[in-house]
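Numbering of ligands and ligand atoms starts at 1, following listing order. Note that this is a predicted model, so its numbers are computed, not measured.
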Amino acid sequence: MATVDRRPGHAADTHEVFNQAVPIEPYNLYEADVPLQEALERENAGWGVDRVRDVGEVAGSVEARDHADRCERNEPRLLTHDRYGNRIDQVDLDPSWHWLLRTAVEREIPSLPWRDPKAGAHVVRGALMYVFGQVNGGVMCPVSMTYAVIPALREQPDLAAEWEPRLTKPDYADGALAGMAMTEKQGGSDVRANTTTAEPVGDGVYELTGHKWFCSYPPCDVFLTLAQAPAGLSCFLFESSDPGFRIQRLKDKLGTRSLPSSEVEYHGLRARLVGEEGRGIQTIIRMVNHTRLDCLIGSAASMRTGTAHALHHARHRSTFGKLLADQPLMQNVLADLALDSEAATVTAMRVARSYDEGKPASAFRRFATAVEKYWVCKRAPQHAIEALECLGGNGYVEESRMPRLYRDSPLNSIWEGSGNVAALDVLRAMVKEPDGLPAFIEECELARGSNAHLDAHLDSVKEEIAGLVDAGDTQTQARRVVERLALALQGSLLVRNAPAAVADAFCAARVGGEGGRAYGTLPAGVDTKAILDRALPA
Ligand SMILES: Cc1cc2nc3c(=O)[nH]c(=O)nc-3n(C[C@H](O)[C@H](O)[C@H](O)COP(=O)(O)OP(=O)(O)OC[C@H]3O[C@@H](n4cnc5c(N)ncnc54)[C@H](O)[C@@H]3O)c2cc1C
């Protein structure tokens, strides 16, 4: 009987494979990222370059890419019972997930500034997060929460003494991971609506009864959570090994599919108070502010991935007799993507620096984190879809990794204050923390006199904010004002630090009214070649 030859290469009998891009990996994600390199030097983090380069090498390896692909394919499974019917509530994770998380923990991504709190440590950690986040956004969720939990935990020195050494240990087997469980079925943004109760049972221990509707990474060792205690909503720490902690099911999510996010119930779960009873929001907000920084960094990482992959593809694919990278309209699209990516990168590193600084910086930190979290996270999905389209049909296919980039891209905007909530938070901060806005504007003003578009934008934003307060019509304008503030800081950072080709194009298109609504609408005269040479050195 005749057999059909299915050996690899059989297709070559019918056609030659050509004009397909080669894989971008292996490449060093730090070496390829000039704006990141400059930002590290500028933001007091030059001492961390070797660490970031090392993570850049790992993150850009074929091995890391394959692990990221594999754990996306082999999604986590919840095992509620063992073979004998005992309740176990374990999550079965692909070995590739463990490879990625172990790599992040061993490289001190969750712990560096707490282990070595010198100037620039939050910037170096932010850069590690940004670089490794380009491999797999999902795995950075427990990494971020473990980093962010420390300032809240320090509100309770006995618990900090017990848990901080393990949470900051760069050892995947012996260290510990922390999560955060606030969101309930009836309300996520408005955590004051939480119905979970906490009953004191003596010795600072409480028994919690209720549920949480979203609880990412239930395998974490400890969680901070909120519950209604006698004196009001309070913050608690519990250990996931407590028999009162039950995982109901895993969410079937749009993206970050390798990351288990769950629904959980508390059945008399034993927990200990963190901070003062009745001041749960004030305590957990310390954690939330640090995870918001990571949402900003994560979305900057997403934009960097999209830019690098789109540009790489365009440099290897020809259409109509020319490389895509040489087609003028494609140059406009790619340069436009590169501008937002660079703006996001430098902003993330600047905001990260404010986490290294003491009192005067804290007003800027709180305000800038909320403003830029809103804007950079909001921009990421549009950026991802345009980067995907640069790869044509290949971009729509899973192996290109662009579908994963696109699926994952909206999450940071939902998490830790969805768009509206983040924007309203900025308005609230203008009233309740009156130092924030002036500190933010002062930083934007450092670029005054160098770019006419930016100067005019700064004047108009200040005027608009003054008018807003007078009119009392603040809420409907929250997104508009926050977007304009975010662009003011990004423009200011680029004018002061980036080459003129980048800064001028950014200011013309984003604040000067010369750009359009879709990517690829930069005005005539923009030096796209200079922007693209910088975005991904050949
Ligand atoms: C993948 C994933 C993982 C998550 N992991 C966790 C986790 O580990 N722990 C945890 O606690 N939570 C987690 N969450 C939950 C997340 O933080 C919440 O979904 C988010 O805070 C929004 O809350 P909500 O879903 O209840 O929406 P709602 O609060 O109902 O908000 C719905 C919409 O209304 C808007 N809105 C709310 N209030 C106002 C207002 N006053 N004015 C105008 N608009 C408003 C919001 O911006 C949003 O667009 C996760 C979510 C996702 C998607």
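Counting atoms of ligand 1 from 1 in the listed order, those under 4.0 Å from a heavy atom of Ser189 are 22 (C), 23 (O), 26 (O), 28 (P), 29 (O), 31 (O), 37 (C).
Nearest non-hydrogen protein atom to atom 51 (C) of ligand 1 is Phe214 CD2, 3.4 Å. For atom 48 (C) of ligand 1, the nearest non-hydrogen atom of the protein is Ser418 CB, 3.8 Å. Annotation: atom 15 (C) of ligand 1 to nearest protein heavy atom, Thr183 OG1, 3.2 Å. The closest protein non-hydrogen atom to atom 44 (N) of ligand 1 is Asn420 ND2, 2.9 Å.
The existence of a salt bridge linking Asp89 and Arg246 is excluded, since no basic side-chain nitrogen approaches an acidic carboxylate oxygen closer than 4.0 Å.
Ligand 1 lies nowhere less than 4.0 angstrom from a heavy atom belonging to Gly179.
Under the ring pair (Phe, Tyr, Trp, His ring centres under 6.0 Å) rule, Phe223 has a single partner from Tyr266, Phe236, Phe245, Trp163, which is Phe245.
Heavy atoms of Lys253 found under 4.0 angstrom from ligand 1 belong exclusively to the side chain. Counting heavy atoms closer than 4.0 Å to ligand 1, residue Leu411 contributes side-chain atoms (C-beta onward) but none from N, CA, C or O. Neither the backbone nor the side chain of Cys141 has any atom closer than 4.0 Å to an atom of ligand 1 (non-hydrogen atoms only).
Residue Gly417 has no nitrogen or oxygen atom sitting less than 3.5 Å from a nitrogen or oxygen atom of ligand 1, judged on distance alone.
Tyr147 and His122 have their aromatic ring centers within a separation under 6.0 angstrom. Centroid-to-centroid, the aromatic rings of Tyr172 and Trp99 stay 6.0 Å apart or farther.
By the 6.0 Å contact criterion, CZ on Arg77 is open, its count of non-hydrogen atoms from other residues, nucleotides or ligands being 12 or less. Around the OH atom of Tyr406, the shell of radius 6.0 Å holds no more than 12 heavy atoms that belong to other residues, nucleotides or ligands.
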